[in-house]
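Everything on this sheet refers to the single structure shown next.
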Amino acid sequence: MINTGEQVYLVRCGETALKGDNKSYFERMLVGKIKSALKDEKISSVDRVEGLILVRASLDTDSASVLKKVGRVFGVDSISPATEVCYEGMSATETINEIGSVASEMMKGLIENKGVKTFKIEAKRADKNFPVESPKIAREVGACVLKACKVLKVDVHEPEALIWVNVRRNYAYVYEEKIMAYGGLPLGTNGKGLVLLSGGIDSPVATFLMAHRGMNIEAVHFHSYPYTSERAFEKVKDLAKILTAYCGRIKMTSINLLPIQEAIVMNCPEEETTILVRRFMMNIAERIAKKDECQMLITGESLGQVASQTSDSLVVTDNAVSIPVMRPLIAMDKTQIIDIAREIGTFETSIQPFEDCCTVFLPKHPVTKPKLSKILESESKLDCETLIEAAIENAEVTVIRE
Ligand code: ATP
Ligand code: MG
């Protein structure tokens with residue numbers, strides 16, 4: 001035998017598997033992330049085996065929980081719960097019979113639970129030392145299943161159930177499900193970014209997308225307390241908390257923008273308020289990023305979404321900083337952004353109606369085609385440096401953990 005009596009999960013690594021000379025580094029990172037995601041489960045091992053990651057767990061683990069946790073690890077492409085057959089020291093015929101009986105048990109379950117009537121076996125011989133070729137393995141395992149489940153017929157074109165047999169060195173795996181995960185790259189393989197996190201729909205999605213490409217995340221949030229409430233800040237922390245399931249802990253700096261907003265309202269043209277505030281936000285974020293060794297800023301801006309996100313406005317905003325600004329939603333429609341927000345579980349929190357600092361002092365007719373020279377002229381009426389330094393001095397830091 002045989003059936004090793006453990007629940008096994010085959011974890012496929014999407015792009016990580018393509019990383020050439022760095023493949024081993026990416027795979028090690030991924031194994032580390034999977035281990036820490038499963039730290040509260042009954043896991044006996046997480047190993048790399050020829051292009052796959054194999055998770056072995058005791059049979060009484062909560063499979064749904066394991067799948068959910070591994071499915072959220074960036075770099076994981078898909079997962080299959082599988083039965084493992086150890087065939088070391090067995091003949092090819094014995095091995096195929098054993099695989100056949102595992103496949104038959106699986107099929108019996110599918111007949112009972114899903115009323116399956118047709119099936120197909122797909123075999124892959126990853127270890128060429130195994131003396132039977134893939135098509136023959138599939139035929140022979142299929143014959144075992146037909147013998148055990150009389151109601152079934154083979155349908156190689158449109159089977160209602162497909163069972164995969166993967167024969168590797170000393171072990172074979174039998175599985176019927178391939179659960180798709182997020183793909184991407186393991187967290188921490190692509191530097192660190194500082195996200196400007198609001199309580200809206202967009203910036204949590206932008207955070208998710210950058211973390212999905214392997215970027216560690218820190219956050220900065222701007223508020224206008226007491227114009228914005230404690231509860232509005234709680235909402236942002238709730239969003240950050242949901243995001244930690246994907247990004248791990250998030251260090252969040254919060255900044256009171258109110259003195260800056262008041263200075264702008266008192267000294268600058270009303271229609272420029274929003275764009276001026278946004279330049280201050282970016283400037284402050286850049287300083288925090290540099291202090292905390294974040295290489296770039298991340299925002300949830302989308303081209304043309306509002307006045308401050310027209311192409312002209314984005315040019316003027318970008319001019320306030322010298323580090324790169326990542327805008328992963330730039331070409332997305334709101335409906336696409338909402339779909340992702342729902343998928344990652346931030347949408348319901350984002351739509352709770354709390355005020356944001358950007359809605360305090362919102363001008364009636366904000367400029368949509370700001371001219372940099374004019375904006376700089378308005379800014380020259382303010383003591384920007386003092387305002388910025390004071391805002392940073394009063395910053396508060398919260399660490400949001402999973
Ligand atoms: P939505 O558009 O869904 O209401 P949003 O957060 O995108 O939410 P916008 O006014 O479109 O709101 O802001 C554009 C971007 O600016 C945000 O995605 C976010 O990155 C940043 N931002 C806005 N308000 C804040 C804030 N209070 N704190 C930190 N960043 C903010
Ligand atoms: Mg937005």
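Bear in mind the structure is a predicted one, so any value in this text is a computation, not a measurement. For ligands, and for the atoms within them, numbers begin at 1 and follow the listed sequence.
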Using the ring of F347 (Phe, Tyr or Trp, six-membered ring only), decide whether R342 places NZ or CZ under 6.0 Å from its centre and within 45 degrees of its axis. yes
Please confirm whether R72 makes a cation-pi placement over F208, using NZ or CZ under 6.0 Å from the six-membered ring centre and within 45° of the ring normal. no
Salt bridge K117-D155, side-chain N to carboxylate O under 4.0 Å: no
Contact with ligand 1 for H223, non-hydrogen, under 4.0 angstrom: no
Does ligand 1 have an atom that lies less than 4.0 angstrom from a heavy atom of L329? no
What orientation do F74 and Y246 show, parallel under 30°, tilted 30 to 60°, or perpendicular over 60°? parallel
Does the plane of the ring in Y225 sit parallel, tilted or perpendicular to the ring in H223? Use 30° and 60° as the thresholds. perpendicular
Which heavy atom of the protein is the closest neighbour of [atom], given with residue, atom name and distance?
| atom | result |
| --- | --- |
| atom 20 (O) of ligand 1 | L196 O, 2.6 Å |
| atom 9 (P) of ligand 1 | Q309 NE2, 3.8 Å |
| atom 6 (O) of ligand 1 | S198 OG, 2.2 Å |
| atom 8 (O) of ligand 1 | G200 CA, 3.4 Å |
| atom 16 (O) of ligand 1 | R278 NH2, 2.7 Å |
| atom 2 (O) of ligand 1 | D202 OD2, 2.7 Å |
| atom 29 (C) of ligand 1 | L197 O, 3.2 Å |
| atom 17 (C) of ligand 1 | G300 N, 3.9 Å |

Any chance [atom1] of [X] has more than 12 other-residue heavy atoms, nucleotides or ligands included, within less than 6.0 Å?
| X | atom1 | result |
| --- | --- | --- |
| K128 | NZ | yes |
| K381 | NZ | yes |
| K371 | NZ | no |

Any N or O of [X] that comes nearer than 3.5 Å to an N or O of ligand 1?
| X | value |
| --- | --- |
| I298 | no |
| V220 | no |
| C357 | no |
| V306 | no |
| Q305 | yes |

Between Q309 (side chain) and E301 (backbone), is there a donor-acceptor pair under 3.5 Å? no
Which atoms of ligand 1 are found less than 4.0 Å from any heavy atom of T299? 20 (O)
For I201, take its heavy atoms, then give the atoms of ligand 1 lying under 4.0 Å from any of them. 1 (P), 3 (O), 8 (O)
Among R168, R169, K23, R12, whose salt bridge (Lys or Arg N to Asp or Glu O under 4.0 Å) with E50 holds? R168
Determine, step by step, whether E262 and Y227 satisfy the side chain to side chain donor-acceptor pair (under 3.5 Å) criterion, reporting the C-alpha distance in whole Å, the side-chain angles of both residues, the deciding distance to 0.1 Å, and the verdict. CA-CA 12 Å; E262 286 172 338; Y227 284 77; 4.5 Å; no
Checking heavy atoms under 4.0 Å, the part of D356 that sits near ligand 1 is side chain
Would you kindly specify which portion of K334 sits under 4.0 Å from ligand 1, judged on non-hydrogen atoms: side chain, backbone, both or neither? side chain
The Mg ion (ligand 2): angle it makes with OE1 (Q305) and OD2 (D202), nearest 10 degrees: 90°
Could you tell me which non-hydrogen atom of D77 sits nearest to which non-hydrogen atom of G183, and how far apart they are? OD1-CA, 3.8 Å
